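Following: one structure in structure tokens, then a few remarks.
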2 protein chains.
Amino acid sequence: MARAPFHREGEAVRRDALIAATAQCLATHGAGGISVRMVAAAAGVSAGLVTHYFGGIDDLIAATYHATGDRIGALLDAAVAAAGPTPRARLSAYVEANFRPPISDPELLATWAAFWALAGSNPAIAAIRDSVAAATRAQVESLLAACGARETRLAAIGLTALIDGLWLERSLNPATFSAAEAGALAERWLDALIG
Amino acid sequence: MARAPFHREGEAVRRDALIAATAQCLATHGAGGISVRMVAAAAGVSAGLVTHYFGGIDDLIAATYHATGDRIGALLDAAVAAAGPTPRARLSAYVEANFRPPISDPELLATWAAFWALAGSNPAIAAIRDSVAAATRAQVESLLAACGARETRLAAIGLTALIDGLWLERSLNPATFSAAEAGALAERWLDALIG
DNA sequence: ACCGTTGTTATACACGTGTAAAACAATTTG
DNA sequence: CAAATTGTTTTACACGTGTATAACAACGGT
């Protein structure tokens, strides 16, 4: 039959489009509802390009996880870099960035929650998740130590758990509380963790 | 071909077996990996019984969510009922029960996390999740109020978010911290929330 | 022992899935 | 303008999916 007309593009353009489409589909349909044909349609290409550029849907999802983690990490780093000079200001900036757009956008939260779901049963996704979580905790430990916190390992675990729990709740039902309320709770936990 | 021999059973026995099998499959394979054939095999019956007793896999998953929520709620109620008479003892018992078997068993946590994943894209599951979460927060608000906490709505949100975040982390990687450490963090948050 | 009831299995069906690769079209080069 | 390159679409394939239901087997009653 007649083929759809198309423009030829470089590899990076196609890969980025497929990654963005995957993030969107994960957010909208969850880990169990995503498919090759759905992602290709969202990216405006045909399904063959998934295998062509990524070797398959699993590798595309893994690449999307990396890209999303890099994006969130860059946003958090920028927030800390832009903060006031005191250690507490930097830690507060880190926390606040979690509950401000673009990180607090429901679509980004939903994509991230989909990765959590996949990590439970997909070893490759679990490995990415472990390395992302370890890097996050290391960064938070460093920020907490600068503030004089004791037992920084457990404090970092406690802080990231609260942030993840608030993210999870907002991705499932954004009406439960506002991003500002989430930020206020996290500040209060910081007060308790630092002493 | 020759049929598999079987014993006839009452409806309740079959439904309970299918629900238990569903929880197990959700824990092991996640929300995206479960199937009718898999659940039926785990229950020791044939796939036709899923449609026969539940109308389909979606209704079976919803029934499993209800059953799991009821089980967790009963465990938490029992912990509070068995606690010392002071409001703080009751609240601490509530928190501690979250991080002690059977609630802290990885399989139960993984099943629960699978429901979170399904809630993101399945309206029926989302509705069950909203009602379970609302009931949990109401109970926690009541326990917090008895301890003299102010702004109990936000405090309840903060406490359940930390518990959920710690559950999530342990379901994804139980080696990150112990259940005892999780309980200690939650107690520390209680101290901060009650003042 | 036979019959009726009904719990249950096995099968068929239509559909969606991910992947592979032949074939084609866009674009560049000579 | 023709040929070469290569990005991309389309198609085919094997497989797994959920559901419906005919047929059968377990069991109880007479």
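Since this is a predicted model, take the numbers as computed values, not measurements.
- Residues passing the salt bridge (charged side-chain N to carboxylate O under 4.0 Å, His left out) test with B/E151, sequence neighbours excluded: none.
- The two residues A/S104 and A/L109 come nearest to each other via the heavy atoms O-CD1, 3.9 Å.
- In plain terms, the two heavy atoms of B/L162 and B/L185 that are nearest each other are CD2-O, 4.0 Å.
- Heavy-atom nearest nucleotides on DNA chain C were determined for A/D58 and for B/L49, and the one closer to the 5' end corresponds to B/L49.
- For A/E181, the side-chain hydrogen bond (donor to acceptor under 3.5 Å, both in side chains) partners at least two apart in sequence or on another chain are B/R153.
- Atom CD1 of A/I61 is separated from atom P of C/dT17 by 13 Å (rounded to the nearest Å).
- Qualifying side-chain hydrogen bond (donor to acceptor under 3.5 Å, both in side chains) partners for B/D70, counting only residues two or more places apart in sequence or in other chains: none.
- Note: CG (A/D59) to P (C/dG18) measures 13 Å, nearest angstrom.
- For B/R37 and D/dG18, a side-chain-to-base donor-acceptor distance below 3.5 Å is present, hydrogens and geometry of angles not being considered.
- Not a single side-chain hydrogen bond (donor to acceptor under 3.5 Å, both in side chains) links B/S121 to another residue, sequence neighbours left out.
- Within 4.0 Å of A/F54, counting heavy atoms only, lies no atom of the nucleic acid at all.
- Rounded to an integer number of Å, the gap from CE of B/M38 to C1' of D/dC15 is 15 Å.
- As rounded to whole Å, 7 Å separates atom P of D/dT19 from atom CD1 of B/I57.
- No engagement by A/V50 is indicated, since no non-hydrogen atom pair under 4.0 Å with the nucleic acid exists.
- Between B/S46 and C/dA10 there is no side-chain polar atom (N or O) within less than 4.0 angstrom of OP1 or OP2.
- No engagement by B/E11 is indicated, since no non-hydrogen atom pair under 4.0 Å with the nucleic acid exists.
- As a whole-Å value, the separation of A/Y53 OH from C/dT19 C1' is 17 Å.
- Residue pairs meeting the salt bridge (charged side-chain N to carboxylate O under 4.0 Å, His left out) criterion with at least one partner in residues 167-180 of chain B, sequence neighbours excluded, are A/R129-B/E169, A/R137-B/E169.
- As a whole-Å value, the separation of B/N122 CG from D/dG18 P is 14 Å.
- Note on B/S35: a side-chain N or O is less than 4.0 Å away from OP1 or OP2 of D/dT17.
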(Q) So if I define the base as every atom that isn't primed, P, OP1 or OP2, how would nucleotides 20-30 of chain D read as a B/S/- string at a heavy-atom cutoff under 4.0 Å? (A) S--BBSBS---

